[in-house]
Undergrad: 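The structure under discussion is supplied below as structure tokens; questions concerning it will follow.
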Amino acid sequence: MYRSHTCGELRDSHINTDVVLSGWVHKTRDKGFVVWVDLRDRYGITQLVFDQDRTSAELLENARNLGREFVIQVKGSVIERASKNDKIPTGNIEVLVKELTVLNTSKTPPFTIENDTDGGEDLRMKYRYLDIRRNPVKNNLIFRSKVTMEVRKYLSQQGFIEVETPYLIKSTPEGARDFVVPSRMNEGQFYALPQSPQTFKQLLMVGGMDKYFQIVKCFRDEDLRADRQPEFTQIDCEMAFVEQEDILNVFEGLTRYLLKEINGVEVDTFPRITYDEAMEKYGNDKPDIRFGMEFGELNEVAQHKDFNVFNNAELVVGIAVPGGNAYTRKEIDQLIDWVKRPQVGALGMVYCRCNEDGSYKSSVDKFYDQEDLAKWAKVTGANPGDLICVLSGETHKTRTQLSALRMELAQQLGLRKSNEFAPLWVVDFPLLELDEETGHYHAMHHPFTSPKPGQLELLDSDPAAVRANAYDLVLNGNEIGGGSIRIHDKETQSIMFKHLGFTPEEAKAQFGFLMDAFQYGAPPHGGIAFGLDRLVAILGGQETIRDFIAFPKNNSGRDVMIDAPAPIDNAQLEELHLKLYL
Ligand code: ASP
């Protein structure tokens, strides 16, 4: 028996019992006549004591020679500590060691195994197995496990069946590039790893499994913007015989359940706003509604004077920054520089101070009088003491820029509180999105998403106006889930493919299996997928998904611990019938 108890378990009530513990040497303190060792495992830390009055000289010497992270087993008895430590649950006791076995030695770890370690990110990733011994990482993994357990519990209770779908498949269009896997047995042919199990879950609906879920890896070969992973986990779900309303209710239920069970937070019915409203009010289809600062469109009250910057703009739009009148001139200039950074891309920013006495002072006083500015304040909801920040230009770009500013200011003002949760549904997404570069439309969600009833005809005349039965669940400024009601008949699906630029032959080659299935009694169906990594990070009150993934990849998609990706040798290339052109 390696252990009778864990290192987090012993309390006053165990005093005078004999115990066996195993774990890692966290720290040793040598006072000459007595040596203390902090023994650590997943559950906590227990203090061991070796002293010259009560243990043999040999045992004391052996304790003295223990290095950090040695794996040891001790037998001894629990005694009351002379000086108690109320910071840890085992702080009232210590174990007087009678027998010590070194189960394994350890090289000195490259960084300290402490909550605040001296190891930088790269080093910690290279030795991730040591990083996982640290409380913050360990606790995140335990937290993640708890969330997934609760997800399974809720969905099972609702009658969902967990079904696994294959990883070696062919392309699923979720808008990224595929990772491909060469097939040794099928010369010159490749599998693609799923960007999501989308088509399979739809086929499960045709198969009659009317409530499916799966906690599943998805693979997308995209440029890794901040905090994305090439492989990530989804809670993937699909239901048959449902309308949008049914799906929203079930998954609002799941989210509410998680917030309650995991965070102890009760939330009301989630607000629902349309995509168009989200863009108008927040410049963003995943708005953070923990705070206000809603957009006020100022075209009507700012395009009547000689200020051509505004007059020539498609949109003039502002936000009121609470308490922003307290900013110094220098601070406002910094904000202006911030919006002019290439990442944001605004040409400039107009501002208006709302003084406590009800008067206004703007950067464009030459053009606008107090009466004009009072209207700006009204439209943006600014109160005395606030600062109005105004951007102008092409509608979509300007909204995106102001949204970036809104988020930055909220961050600076401490309005994005990690223990506050503000979920909402964004509904009625456009079906199609114009790719500026190619001039072609592509599916905003994916090609299996159904248009709103009666809008199919619009596809020819005004494709951008077609709205979809598609929805996103947004939490604290993050899209944590997205889905749609699907097309379930061959004809509509063919029309969609045609509008997405597929020839009938291409559509058949890529998705013939799905179109075939639709001819054998496909039920109406729809679903959603949650990004589990992000959801867990948000529920855990943290920012980076990497911190909740046991073995994440870095920003270049590399696993620096196992050093992947890596070249393969010629024999393996030959076996796969591959030749490299490098
Ligand atoms: N497959 C979709 C995605 O990965 C989710 C869905 O439509 O259910 O975003």
Side-chain angles (χ1 to χ4, degrees), residues 151 155 160-167 169-179 192-206 209-222 225 228-240 242-244 246-252 254-255 275 285-286 425-433 442-452 467-475 478-488 493 496 500 510-511 514 522-535 545:
V151 168
L155 291 175
F160 283 77
I161 306 291
E162 187 164 13
V163 184
E164 287 170 75
T165 52
Y167 282 159
I169 63 167
K170 66 181 190 182
S171 189
T172 40
E174 298 281 358
R177 280 191 198 87
D178 292 321
F179 281 103
L193 300 180
Q195 291 185 36
S196 85
Q198 185 60 38
T199 48
F200 284 93
K201 66 174 171 175
Q202 293 192 241
L203 293 170
L204 284 170
M205 295 305 110
V206 183
M209 301 293 289
D210 64 355
K211 289 177 173 183
Y212 143 92
F213 87 102
Q214 182 181 194
I215 295 184
V216 62
K217 276 288 173 76
C218 300
F219 307 86
R220 298 185 190 177
D221 186 6
E222 47 194 350
R225 281 182 273 141
R228 288 272 185 109
Q229 289 281 309
E231 55 176 307
F232 60 94
T233 308
Q234 280 189 345
I235 309 165
D236 191 45
C237 309
E238 196 76 5
M239 300 172 81
V242 284
E243 292 175 333
Q244 175 165 313
D246 303 308
I247 306 249
L248 299 194
N249 286 336
V250 171
F251 293 97
E252 185 163 324
L254 169 65
T255 313
Y275 170 86
D285 61 5
K286 42 179 194 305
W425 290 104
V426 179
V427 299
D428 299 353
F429 274 80
L431 184 70
L432 303 173
E433 191 175 38
H442 58 79
M444 189 146 182
H445 190 49
H446 51 56
F448 315 111
T449 297
S450 65
K452 290 260 168 218
R467 289 295 176 262
N469 282 318
Y471 33 81
D472 275 357
L473 183 59
V474 175
L475 182 57
N478 297 279
E479 177 205 325
I480 57 158
S484 60
I485 297 297
R486 326 297 183 189
I487 296 166
H488 67 280
Q493 191 62 70
M496 260 317 283
L500 295 170
Q510 226 179 319
F511 300 110
L514 188 68
H525 61 283
I528 190 167
F530 286 72
L532 179 68
D533 309 288
R534 173 79 47 211
L535 176 64
I545 64 172

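Just so you know, ligand 1 is whichever comes first in the structure, and atom 1 is the first atom listed for that ligand. Bear in mind the structure is a predicted one, so any value in this text is a computation, not a measurement.
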Undergrad: Checking side-chain contact (heavy atoms from CB on, under 4.5 Å) for the pair Ile215/Phe213: CA distance, chi angles, key distance, verdict?
TA: CA-CA 7 Å; Ile215 295 184; Phe213 87 102; 4.3 Å; yes

Undergrad: With a cut-off of 6.0 Å (strictly less than), are more than 12 heavy atoms of other residues, nucleotides or ligands near CD of Glu162?
TA: yes

Undergrad: Hey, can you tell me if Tyr167 and Phe219 have their rings parallel, tilted or perpendicular (30° and 60° cut-offs)?
TA: perpendicular

Undergrad: So, using side chain to side chain contact (heavy atoms under 4.5 Å, CB included) as the criterion, who are the partners of His446 when residues are at least two apart?
TA: Glu174, Gln198, Phe448, Thr449, Ser484, Arg486

Undergrad: Any idea which residues sit under 4.0 Å from ligand 1, heavy-atom distances?
TA: Glu174, Ser196, Gln198, Lys201, Arg220, Gln234, His445, His446, Gly482, Gly483, Arg486, Gly527, Ile528, Ala529

Undergrad: Could you go through Met496 and Leu432, starting from their C-alpha distance and side-chain angles, then the distance that decides it, and tell me whether this counts as side-chain contact (heavy atoms from CB on, under 4.5 Å)?
TA: CA-CA 10 Å; Met496 260 317 283; Leu432 303 173; 4.1 Å; yes

Undergrad: Does a side-chain N-to-carboxylate-O contact under 4.0 Å join Asp428 and Lys452?
TA: yes

